> 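Take this structure, written in structure tokens, and hold onto it; I'll ask about it next.
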Number of protein chains: 2
Amino acid sequence: MTDPTMGDAHPDLSLPDAERRGVYHAIYTRRDIRREFLPDPVPNDILIRLLKAAHHAPSVGFMQPWNFILIENPVVRQELKRVVDKERRAAAIVFESPRSEKFLSLKVEAILDAPVLIGVTIDPAREGPFVLGRLSDPDTDVYSASCAIMNLWLAARAEGIGMGWVTIFRREDVQGILNLPYHVKPIGLLCLGYVREFPRKPMLETEEWAYRQPLSKHVFVDGWGKQEGSFWQSISEDLDRKDVWPWEL
Amino acid sequence: MTDPTMGDAHPDLSLPDAERRGVYHAIYTRRDIRREFLPDPVPNDILIRLLKAAHHAPSVGFMQPWNFILIENPVVRQELKRVVDKERRAAAIVFESPRSEKFLSLKVEAILDAPVLIGVTIDPAREGPFVLGRLSDPDTDVYSASCAIMNLWLAARAEGIGMGWVTIFRREDVQGILNLPYHVKPIGLLCLGYVREFPRKPMLETEEWAYRQPLSKHVFVDGWGKQEGSFWQSISEDLDRKDVWPWEL
């Protein structure tokens with residue numbers, strides 16, 4: 001909570017040590033879970049806690065563009081599974097061999113297995129045509145809804161609940177199944193449930209599909225590609241050091 | 001950490017109580033800060049902690065599309081201020097009176113005042129043309145970068161640091177100032193620094209510009225607009241109840 005190097009020129013509004021640690025703990029050990037959900041139901045009060053966390057995300061112009069469609073009917077779930085699987089097979093063709101076979105061997109969704117399934121949508125027309133901060137960037141509704149999903153994901157991790165964000169579907173298919181207005185966009189099918197473990201590494205890394213990049217490749221100073229000067233020198237080495245939290249990868 | 005109603009059918013992977021509380025504490029008390037940043041510098045080690053938290057966000061197909069451009073040069077900062085202010089004046093004209101005057105009275109950015117200024121960008125070409133989970137939805141790079149910003153925001157709140165995500169600018173202006181490749185999109189200018197307080201309510205609500213919606217308006221079951229059946233009955237009332245955390249609004 002206190003850091004002797006900071007002096008006391010500003011009030012210390014940091015969270016108490018254990019709470020602050022919790023934020024990083026959730027961030028570092030959150031995983032995108034696609035398999036091995038346990039069948040145990042998620043109690044309603046915990047589900048509501050997660051939805052409230054999502055609803056307290058920031059939104060540009062306070063437009064709160066998100067909706068959460070909880071899937072209860074097994075027929076609706078089967079329909080969603082069908083269109084996700086269709087898109088998975090279409091994607092496999094686009095990837096081409098040998099990437100195609102590798103992709104088909106991955107379990108990329110748990111639509112039927114996860115006890116909780118939530119469709120998240122964006123209504124770009126919410127709060128009228130002119131939204132503060134949105135006039136110059138129409139993607140701000142996407143930013144806001146993604147932040148809501150991130151909040152939900154971290155709250156789920158805190159509760160010991162795993163989550164996978166499935167984006168393998170055609171927008172039009174999901175719009176039809178969930179009866180969405182034409183202008184409302186589905187941005188994800190969230191699979192949630194208790195798990196036996198949060199794997200130490202992302203599944204795509206374990207499966208040798210893709211790898212975590214060094215953070216230092218992603219940080220510049222004052223302009224694209226610029227990695228020079230005394231400020232850069234003072235931070236560059238530490239960007240890739242893993243010594244602050246025990247969960248760092 | 002344990003909930004007697006859950007039984008012990010699954011391992012309890014929830015975070016320790018104080019850590020779990022910390023996640024919700026950060027989520028509920030995070031604010032979009034636009035004014036009253038204190039001049040105290042943010043130590044490099046804390047800045048790095050925030051960037052690492054961002055870099056550990058989920059990304060579709062593990063594409064890690066984000067870059068963080070730290071603004072050190074005061075001339076670059078002045079240039080960004082200029083184009084944000086230009087867009088602010090343009091937006092005021094679009095809003096029309098009396099919304100226009102109200103908008104101009106709001107302090108919507110702290111480009112010059114915040115000790116730390118970070119431009120966040122998305123490179124849609126990262127990881128090649130075909131990214132897992134992205135074939136059917138080209139916005140997945142936006143989802144991922146937004147999640148990174150959300151992680152950074154919550155880590156900042158945990159450290160007692162305020163943040164504002166500014167989206168009031170023309171993409172082409174910021175691309176020019178930061179020398180971004182044509183295909184790289186700036187999605188925000190993040191203003192960060194210590195603050196005297198995290199206001200209890202969002203600024204746009206205090207200023208009577210927009211209001212928080214009841215969560216129950218945003219939740220459906222099995223399809224758009226559907227709020228019926230026994231499952232809905234069992235959760236609908238509790239969606240708007242504020243009794244779990246002391247920070248709920």
Side-chain angles (χ1 to χ4, degrees), chain A residues 9-10 13-15 18-20 22-23 25-28 32 38 40 44 48 53 55-56 58 62 64 67-70 72-73 76 87 91 133 135-137 139-140 142-143 146-147 150-151 154 158-160 167 170 178-180 194 204 210 213 215 218-224 231 235 238, chain B residues 9-10 13-15 18-20 22-23 25-28 32 38 40 44 48 53 55-56 58 62 64 67-70 72-73 76 87 91 133 135-137 139-140 142-143 146-147 150-151 154 158-160 167 170 178-180 194 204 210 213 215 218-224 231 235 238:
Chain A
H10 56 81
L13 301 179
S14 63
L15 301 186
E19 293 193 11
R20 189 171 63 93
V23 172
H25 196 165
I27 286 173
Y28 278 105
D32 198 321
L38 299 171
D40 313 49
N44 280 355
I48 290 168
H55 190 53
H56 278 77
F62 213 1
Q64 305 159 73
N67 282 86
F68 306 97
I69 305 181
L70 311 175
E72 194 202 6
N73 187 334
V76 175
E87 185 62 11
L135 291 173
S136 32
D137 186 347
D139 280 346
T140 51
V142 180
Y143 305 163
S146 302
C147 285
M150 191 70 242
N151 268 8
L154 292 173
E159 302 286 356
T167 58
R170 290 278 151 173
L178 299 182
N179 199 26
L180 305 182
Y194 291 102
L204 290 181
Q213 300 296 315
L215 172 56
H218 295 243
V219 177
F220 302 135
V221 176
D222 286 332
W224 187 261
F231 178 54
I235 63 163
D238 289 340
Chain B
H10 56 82
L13 302 179
S14 62
L15 300 186
E19 292 193 11
R20 189 170 64 93
V23 172
H25 196 165
I27 286 173
Y28 278 106
D32 197 322
L38 298 171
D40 313 48
N44 280 354
I48 290 168
H55 190 53
H56 278 77
F62 213 1
Q64 305 159 75
N67 281 86
F68 307 97
I69 304 182
L70 311 175
E72 195 203 5
N73 187 335
V76 175
E87 185 62 11
L135 290 174
S136 32
D137 186 347
D139 280 347
T140 52
V142 181
Y143 306 163
S146 301
C147 286
M150 190 71 243
N151 268 7
L154 293 173
E159 301 286 356
T167 57
R170 291 277 152 173
L178 298 181
N179 200 24
L180 305 182
Y194 291 102
L204 291 181
Q213 300 296 317
L215 173 56
H218 295 243
V219 177
F220 301 135
V221 176
D222 287 332
W224 187 259
F231 178 53
I235 62 163
D238 288 340

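Values reported hereafter were calculated over all heavy atoms of this structure, with side chains retained and with hydrogens, waters and symmetry mates removed. Note that the coordinates shown come from a computational prediction; the quantities given were computed from them, not determined experimentally. Sequence lines set the chain letters: A, B, ... in the order given, protein chains first and strands last, and positions in each chain run from 1.
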> As an exercise: rank B:L180, B:N179, B:I27 by heavy-atom pairs under 4.5 Å with chain A and give me the winner.
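Result: the option with the highest number of such pairs is B:I27.
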> In terms of heavy-atom pairs under 4.5 Å, which option from A:P58, A:G160, A:A26, A:C147 contacts chain B the most?
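With the most close heavy-atom pairs to chain B, the winner is A:P58.
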> So which of A:S146, A:A158, A:G133 has the biggest tally of heavy-atom pairs under 4.5 Å with chain B?
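The residue among A:S146, A:A158, A:G133 with the greatest pair count is A:A158.
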> With side chains defined as the heavy atoms from C-beta onward, is the minimum distance between A:D139 and B:T167 less than 4.5 Å?
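No - every pair of side-chain heavy atoms lies 4.5 Å or more apart.
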> What residues form a side-chain hydrogen bond (donor to acceptor under 3.5 Å, both in side chains) with A:E87, not counting sequence neighbours?
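side-chain hydrogen bond (donor to acceptor under 3.5 Å, both in side chains) list for A:E87, sorted by chain: A:R170, B:S136.
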> Highest number of heavy-atom pairs under 4.5 Å with chain B: which of A:L154, A:D137, A:L135, A:N151?
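Of A:L154, A:D137, A:L135, A:N151, A:N151 has the most heavy-atom pairs under 4.5 Å with chain B.
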> Output the option from A:I48, A:V76, A:L38 having the highest count of non-hydrogen pairs under 4.5 Å with chain B.
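Ranked by contacts with chain B, first place is A:I48.
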> Run the salt bridge (charged side-chain N to carboxylate O under 4.0 Å, His left out) test against A:D32 and tell me which residues pass, sequence neighbours left out.
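Partners of A:D32 under the salt bridge (charged side-chain N to carboxylate O under 4.0 Å, His left out) test: A:R34.
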> Using non-hydrogen atoms and a 4.5 Å limit, figure out which bit of A:T140 sits close to chain B: side chain, backbone, both or neither.
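Side chain only.
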> Using the ring of each side chain (for Trp, its six-membered ring), is A:H55 parallel, tilted or perpendicular to B:H218, with breaks at 30° and 60°?
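Ring orientation, 0 to 90° scale: tilted.
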> Out of B:L204, B:V219, B:V221, B:L215, which one racks up the most heavy-atom pairs below 4.5 Å with chain A?
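The residue among B:L204, B:V219, B:V221, B:L215 with the greatest pair count is B:L215.
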> Between B:E19 and A:V23 (side chain of the first, backbone of the second, donor and acceptor by atom type, cut-off under 3.5 Å), is there such a pair?
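No: the side chain of B:E19 does not pair with the backbone of A:V23.
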> Pick whichever of A:N67, A:N44, A:L178 has the most heavy-atom pairs under 4.5 Å with chain B.
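Most pairs with chain B among the choices: A:N67.
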> Is a side-chain N or O of A:D222 found less than 3.5 angstrom from the main chain of B:N73, in a donor-acceptor match?
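Pair found, side chain donor or acceptor close to backbone of B:N73.
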